[in-house]
**Student:** 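Take this structure, written in structure tokens, and hold onto it; I'll ask about it next.
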Amino acid sequence: MRTFKVLVTGGAGYIGSVAVRILLDAGYSVVVFDNLYQGHVEAVDPRAAFVQGDLSRLEDIRALFAAHPDIQAIMHFASYTLVGESMHQPLKYLRDNVANAANLLEIAVQHNVQRFILSSTANLFDLPADRASEPIDEHFPVRPGSPYGESKYAIERMLTWMHRIYGLRYACLRYFNACGALDDLGEDHDPETHLIPLVLQVALGKRPHILIFGDDYPTRDGTCVRDYIHVADLAQAHLLALEGLERFEVRHYNLGNETGYTVKEVIEVARRVTGHPIPAVIGPRRPGDPATLVASSAAIRRDLGWQPRYRDLETIIRTAWEWHRTHPDGYRSRALSSRSSPSNPGRDVCLPQ
Ligand code: UFG
């Protein structure tokens, strides 16, 4: 029997690389497409095919499909993802994220791809004050909190038409705050902007303190509340969503642990995990940050039987700490150590013509 081939865009990135691992372990054949601006070739599982290319160039995508005409499904992770940056460079998001997805879809439908999983975001929601404490389910009105969220919503809308016109089945997975690590796959962004890795960099002595973006929000201690979800649980949801598209044509799922933690609470847990005092300094709010974002993930639990394995923030931060402690320079640490290891043959990188 021919194996089912999945294209993972952004498969060298933080969440995409873990999804690749889970797909391969489940017996899928995987091709990773990544421009390596944020991703790391060291993060690509050697069992996957790897094509370096850019979604802004149709010729790169055509070359990818020419080399892999048997792609049957796509998980689309590749994207600009920073809420704060999108408030300063809105068109990088509104133009590039949307145009890159359109390029991918154009070639995908020509090749009769039948299933598509979109990395979407909790930033689709920016709750009015009178509903701020409610868990956000899929029926909440969409009101993007930033150009980043707006760009993801535009792609969600694009998919409704791809389904209606071409019959493309799709699922939009709206992540809340991805975090945590596997032993050998973790978060390595440059620059790093996310709370948990920054806090852990303080514990590693790489930063003097963590700057808290505002303590005047209407929350229990004045700092923003977020729902932190382990990257392995997110990846597992992708696998279930892909298989769920056998039964369902279109699905939208909000993915979180259904528990909110303030920024100060996250720092406190990280102090316990690392044993470091992690000094914190209060700064101004960061534009684009909603006060509270907590998911209701009842729909994906009910439809697909999704069960997050990492429910407890301390355990999640422990996995992230293990990664940062053992990879203080991210994948560069691994590249240096693996270069000296004769058992690691490295991997071939295939560049588009
Ligand atoms: N924060 C700080 N100081 C920092 C960094 C972050 O106080 O140095 C705060 C932020 O203000 C926010 C919280 O920590 O309240 C989490 O911020 P992150 O930057 O880690 O994550 P975001 O909530 O901004 O964004 C993440 C993803 C988005 C996704 C969003 C959904 O990066 O792609 O979660 O909640 F849309």
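For the numbers below, each heavy atom of this structure counts, side chains included, while hydrogens, waters and symmetry mates do not. Atoms within a ligand are numbered from 1 in the order they appear, just like the ligands themselves.
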**Student:** Is the shortest distance from a Lys or Arg side-chain nitrogen in K5 or D70 to a carboxylate oxygen in the other one below 4.0 Å?
**Tutor:**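 Result for this pair is yes, salt bridge flagged.
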
**Student:** Identify, by atom number and element, the atoms of ligand 1 in contact range of Y228, meaning under 4.0 Å from any of its heavy atoms.
**Tutor:**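 Here the atoms of ligand 1 in question are 13 (C), 16 (C).
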
**Student:** Please confirm whether Y148 comes within less than 3.5 Å of ligand 1 when only nitrogen or oxygen atoms on both sides are compared.
**Tutor:**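 Y148 vs ligand 1: N/O contact under 3.5 Å present.
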
**Student:** When only distance counts, is N123 in polar contact with ligand 1, meaning an N/O pair under 3.5 Å?
**Tutor:**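 For ligand 1, there is no N or O atom that lies under 3.5 Å from one belonging to N123.
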
**Student:** Short question: side chain of E192, backbone of H194 - any donor-acceptor pair under 3.5 Å?
**Tutor:**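 At least one qualifying donor-acceptor pair exists.
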
**Student:** Can you sort out which atoms of ligand 1 are near T193, meaning under 4.0 Å from one of its heavy atoms?
**Tutor:**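 In order of numbering, the contacting atoms are 5 (C), 19 (O).
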
**Student:** May I ask you to check if ligand 1 and F213 share an N or O to N or O distance below 3.5 Å?
**Tutor:**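 Yes: some nitrogen or oxygen of F213 is under 3.5 Å from one in ligand 1.
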
**Student:** For R301, which residues count as a salt bridge (charged side-chain N to carboxylate O under 4.0 Å, His left out) partner, sequence neighbours excluded?
**Tutor:**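 Here the qualifying residues are E258.
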
**Student:** Applying a strict 4.0 Å limit to heavy atoms, is Y80 in contact with ligand 1?
**Tutor:**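 Judged by the 4.0 Å heavy-atom criterion, Y80 does not count as contacting ligand 1.
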
**Student:** Looking only at protein heavy atoms, identify the closest one to atom 15 (O) of ligand 1 and say how far it is in Å.
**Tutor:**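 For atom 15 (O) of ligand 1, the nearest protein heavy atom comes out as C224 CB, 3.0 Å.
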
**Student:** Between L195, V202, L211, which one has a non-hydrogen atom sitting closest to atom 3 (N) of ligand 1?
**Tutor:**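 The residue whose heavy atom sits nearest atom 3 (N) of ligand 1 is L211.
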
**Student:** Under a plain distance cut-off of 3.5 Å, with no hydrogens placed, do T262 and D221 share a side-chain donor-acceptor pair?
**Tutor:**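 T262 and D221 do have a side-chain donor-acceptor pair below 3.5 Å.
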
**Student:** How far is atom 8 (O) of ligand 1 from its nearest protein heavy atom, and which residue and atom name does that atom have?
**Tutor:**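 For this ligand atom, the closest protein heavy atom is L198 CD1, 3.3 Å.
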
**Student:** Would you call R115 and E246 a salt bridge, taking side-chain N to carboxylate O under 4.0 Å as the test?
**Tutor:**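 A salt bridge is present here (some side-chain N lies under 4.0 Å from a carboxylate O).
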
**Student:** For D25, which residues count as a salt bridge (charged side-chain N to carboxylate O under 4.0 Å, His left out) partner, sequence neighbours excluded?
**Tutor:**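 Result, salt bridge (charged side-chain N to carboxylate O under 4.0 Å, His left out) vs D25: R47.
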
**Student:** Check each of I136, T121, N177 against atom 25 (O) of ligand 1 and report the one with the nearest heavy atom.
**Tutor:**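 The residue whose heavy atom sits nearest atom 25 (O) of ligand 1 is N177.
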
**Student:** Would you kindly check if the NZ (Lys) or CZ (Arg) of R143 is within the cone defined by 45 degrees around the ring axis of F125 and under 6.0 Å from the six-membered ring centre?
**Tutor:**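 Output no; distance or angle outside limits.
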
